[in-house]
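Just so we're clear, the structure is a prediction, and the values are computed from it rather than from any experiment. Position 1 is the first residue of the sequence; numbering continues from there.
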Amino acid sequence: MSRRVEFRTKKNSHFGMVTVLILVAMFCSIIGIKSISLRSKRDEYNKRIEALEKQIAKEEERKKDLEEYEKYTKTVKYVEEVAKDKLGLVYEDEIVFESGVEEQ
């Protein structure tokens, strides 16, 4: 009788070991699949970060240009240009030559 019990114990031991190996294999497969998915997301995020950094650099350049334009609009030269071009004003001692061709 002890021999029969011993056989069942070995059989159960093999079954348990196979079950554990299958579970470990499944666990490793799941981890591998998830890591591939995470790498893909990481690459997407890195591309997005690069695009946003380029956009930030572009906007900072635009900000510089706007600050320079703001300084320019506060100069006398800008005021004179607007007065001449938009309002048609001239200095008293200035002579204006007209081309005779009308703009449409």
### Query
Between E59 and R62, is there a salt bridge with N-O shorter than 4.0 Å?
yes
## Note on the structure
Across all chains, not counting sequence neighbours, the side-chain hydrogen bond (donor to acceptor under 3.5 Å, both in side chains) partners of E61 are none
#### Entry: Nearest-0.5 Å distance that lies between atom OH in Y45 and atom CG in L38
9.5 Å
### salt bridge (charged side-chain N to carboxylate O under 4.0 Å, His left out) evaluation trace for R48 with E44
CA-CA 6 Å; R48 177 138 186 199; E44 287 177 26; over 6 Å; no
### Query
Got E94 and K84 here, is their nearest side-chain heavy-atom distance under 4.5 Å?
yes
### Message
Taking atom CD as the centre, does E67 end up with more than 12 heavy-atom neighbours from other residues, nucleotides or ligands that are less than 6.0 angstrom away?
### Response
yes
### Inter-residue atom distance R42.CZ - S35.OG, 0.5 Å rounding
10.0 Å
#### Entry: Verify same cluster id: Y69, V82 (apolar side-chain graph, 4.5 Å)
yes
### Query
Can you find a heavy atom in the side chain of L23 that is under 4.5 Å from one in the side chain of F27?
no
### Query
Are E50 and K54 close enough for a salt bridge, meaning some N to O gap below 4.0 Å?
no
### Query
Hey, does I49 have a side-chain heavy atom less than 4.5 Å from the side chain of N46?
yes
### K64 side, atom NZ; E60 side, atom CD - distance, nearest 0.5 Å
8.0 Å
